[in-house]
Every structure is written in structure tokens, then in C-alpha cells.
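Basis for what follows: all heavy atoms, side chains included, without hydrogens, waters or symmetry-related copies. Just so you know, residue 1 is the first one in the sequence shown, and it goes up from there.
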Amino acid sequence: MLLGLARIIDCPGASVPFSYSADLRDLRYGNSFPVTEPVVAEGIVRNTAGVLVMTGNVKTTLHGVCDRCAADFVKEVSFPIDVVLVTELADEENEDEWVFPLEGDSADLDDIVRTVFVLNMDSKLLCRPDCKGICCRCGKNLNDGPCDCPKEVDPRLAALKQLLNK
């Protein structure tokens with residue numbers, strides 16, 4: 001979807017609000033497609049001293065499988081939008097990922113929302129930030145409590161353990 005900005009391009013101080021719902025169900029993370037609900041983007045584009053600045057946020061609900069404990073989870077996520085819109089890119093070789101070119105007098109909200117969402121996602125999908133994962137020996141989810149596996153002794157200290165057993 002294109003957001004028309006013709007009325008604010010030459011009017012410092014002017015602004016245009018926006019609200020957009022993007023379909024990112026085709027977005028793949030590892031072996032899953034965690035975005036099953038629309039990604040909602042809301043905010044405003046302001047002409048600040050001749051520079052078009054888009055601010056706002058994108059939010060959705062992720063449905064995924066945790067990369068540490070393999071548990072299914074549902075989690076609300078929200079990421080800030082803070083990008084600059086330009087009529088043409090000055091140097092395409094050293095392009096900044098937070099600068100987007102206008103298409104005529106319009107901003108491509110599909111491209112902006114997808115890029116902002118992907119760049120803000122963590123590299124791993126986790127059910128929660130402090131996920132403890134699973135025990136490498138018995139496979140128990142350590143978020144549910146400790147497992148009953150005996151503690152492994154550091155092989156470098158095995159000789160000392162023999163002294164304690166005597």
C-alpha cells in the first residue's frame with residue numbers, strides 16, 4: 001500500500017497519520033511461520049525541516065515454537081518505527097536500512113513494515129527472554145523445574161572427588 005505524502009513534502013511542520021495492516025504470513029523464521037495474524041502499523045509521517053520522518057510502531061501476536069525448550073507459545077510483540085523517507089538514495093552502495101526511498105510522492109508501507117518487523121525480530125524465537133531450555137540428558141523442560149539428573153563432575157576435578165569418597 002502506498003501512503004500519499006504529496007501535501008507534506010514541501011510543507012515543513014506538516015504531518016500525515018497512518019494506520020496499516022500488513023499480511024506477513026509468508027515470513028519464515030527457521031522452520032516456522034510465526035506470524036499468523038496481521039501486523040498492525042500505526043504512526044505519523046512528519047516533515048521536520050524538510051526531512052520526512054516516519055515514527056510509530058508495529059505490533060502483532062507471534063505463534064511459534066521456542067528455539068530453546070521446544071514449547072509452543074503465543075506472544076505479543078511490538079517494535080518501534082523510526083525511519084527516514086527520501087526522494088532518492090544518495091549512495092546505494094552504503095545504503096542505510098532505516099532510510100527508504102519514496103515512490104513518486106508516496107511511501108511503500110508494505111516494504112517499510114516488513115523491513116522494520118524483520119530487523120527488530122530476535123534471531124531466535126523464545127517463549128520468554130529467560131527460557132532455561134531443556135536438559136541435554138533427560139530432555140525435561142527446565143522452565144518447569146530442575147531435572148533429577150545427577151550433577152556432572154568436571155573431569156579435571158575427578159581426582160579430588162576420589163579423596164572426598166575416602
Side-chain angles (χ1 to χ4, degrees), residues 1-9 11 13-48 51-89 92-136 138-147:
M1 177 181 146
L2 295 177
L3 175 64
L5 301 172
R7 66 181 190 177
I8 70 166
I9 287 179
C11 299
S15 62
V16 172
F18 68 91
S19 180
Y20 177 63
S21 180
D23 181 9
L24 301 182
R25 287 182 287 178
D26 62 335
L27 204 58
R28 184 181 186 133
Y29 272 83
N31 293 326
S32 67
F33 296 88
V35 184
T36 58
E37 297 181 22
V39 176
V40 178
E42 295 177 330
I44 193 164
V45 179
R46 288 187 177 88
N47 183 329
T48 307
V51 176
L52 298 179
V53 178
M54 177 184 278
T55 58
N57 66 17
V58 294
K59 57 185 173 183
T60 192
T61 303
L62 295 179
H63 298 264
V65 176
C66 181
D67 286 334
R68 283 191 192 151
C69 69
D72 291 330
F73 69 90
V74 176
K75 178 169 65 170
E76 297 281 329
V77 293
S78 179
F79 304 121
I81 298 173
D82 192 10
V83 300
V84 175
L85 306 173
V86 296
T87 54
E88 63 182 59
L89 295 173
E92 290 188 28
E93 189 175 302
N94 296 320
E95 186 177 318
D96 184 352
E97 63 268 9
W98 302 110
V99 175
F100 293 87
L102 293 176
E103 293 182 14
D105 291 340
S106 302
D108 183 359
L109 289 177
D110 289 320
D111 181 37
I112 294 169
V113 169
R114 181 178 288 272
T115 302
V116 167
F117 188 80
V118 169
L119 291 179
N120 280 291
M121 283 287 290
D122 292 328
S123 59
K124 299 229 180 256
L125 291 177
L126 300 178
C127 58
R128 60 186 200 212
D130 63 339
C131 178
K132 296 177 182 172
I134 57 174
C135 174
C136 61
C138 68
K140 181 180 180 193
N141 186 339
L142 298 175
N143 294 316
D144 298 335
C147 65

Chemist: If you measure from OG on S19 to CG on L3, what distance do you get to the nearest 0.5 Å?
Modeler: 11.0 Å
Chemist: Go through the structure and list residues passing side-chain contact (heavy atoms from CB on, under 4.5 Å) with C138, not counting sequence neighbours.
Modeler: C135, K140, C147, C149
Chemist: I want to check something: taking the side chain as every heavy atom from C-beta on, are M1 and V113 in contact at a cut-off of under 4.5 Å?
Modeler: no
Chemist: Can you measure from CD (E42) to OG (S21) and round to the nearest 0.5 angstrom?
Modeler: 10.0 Å
Chemist: Check ring pair (Phe, Tyr, Trp, His ring centres under 6.0 Å) between F79 and all other residues, then give those that pass, not counting sequence neighbours.
Modeler: F117
Chemist: Using the test salt bridge (Lys or Arg N to Asp or Glu O under 4.0 Å), find all partners of R7 that sit at least two apart in sequence or belong to another chain.
Modeler: none
Chemist: In chain order, what residues pass the salt bridge (Lys or Arg N to Asp or Glu O under 4.0 Å) check against R114, with sequence neighbours excluded?
Modeler: D26
Chemist: Could I get the full list of side-chain contact (heavy atoms from CB on, under 4.5 Å) partners for D108, not counting sequence neighbours?
Modeler: L2, E103, D110, D111
Chemist: Quick one: side-chain contact (heavy atoms from CB on, under 4.5 Å) partners of S78, sequence neighbours excluded?
Modeler: N57, K59
Chemist: Is the closest side-chain heavy-atom distance between I112 and F18 below 4.5 Å?
Modeler: no
Chemist: Which residues pass the salt bridge (Lys or Arg N to Asp or Glu O under 4.0 Å) test with D23, not counting sequence neighbours?
Modeler: R25
Chemist: What is the minimum heavy-atom distance between S15 and R46, and which atoms define it?
Modeler: CB-CG, 3.8 Å
Chemist: Compare all side-chain heavy atoms of N143 with those of C131 and state whether any distance is below 4.5 angstrom.
Modeler: yes
Chemist: Just so I know, are the side chains of T115 and V83 near enough to count as touching, which here means a heavy-atom distance under 4.5 Å?
Modeler: no
Chemist: Side-chain donor-acceptor contacts of residues 60-67 below 3.5 Å, not counting sequence neighbours, with atom names and distances?
Modeler:
from, atom 1, to, atom 2, distance (Å)
T60, OG1, E37, O, 3.4
T60, OG1, P38, O, 2.9
T61, OG1, E76, OE1, 3.4
T61, OG1, E76, OE2, 2.7
H63, NE2, E37, OE2, 2.8
D67, OD2, L125, N, 2.8

Chemist: Which heavy atom in C69 sits nearest to a heavy atom in C127, and how many Å separate them?
Modeler: SG-SG, 3.8 Å
Chemist: For the atom pair CZ (R68) and CG (L142), what is the distance rounded to the nearest 0.5 Å?
Modeler: 11.5 Å
Chemist: Does any non-hydrogen side-chain atom of L102 lie less than 4.5 Å from one of I9?
Modeler: yes
Chemist: Applying side-chain contact (heavy atoms from CB on, under 4.5 Å), can you list everything that pairs with D144, at least two apart in sequence or on another chain?
Modeler: N141
Chemist: For D122, what residues pass the salt bridge (Lys or Arg N to Asp or Glu O under 4.0 Å) criterion, not counting sequence neighbours?
Modeler: none
Chemist: State the CE-CG distance between M121 and L24, to the nearest 0.5 angstrom.
Modeler: 10.0 Å
Chemist: What closest approach, in Å, do L5 and A107 show between heavy atoms, and which atom pair accounts for it?
Modeler: CD1-CB, 3.9 Å
Chemist: What pair of heavy atoms forms the shortest contact from W98 to N120, and how long is it?
Modeler: CH2-ND2, 3.9 Å
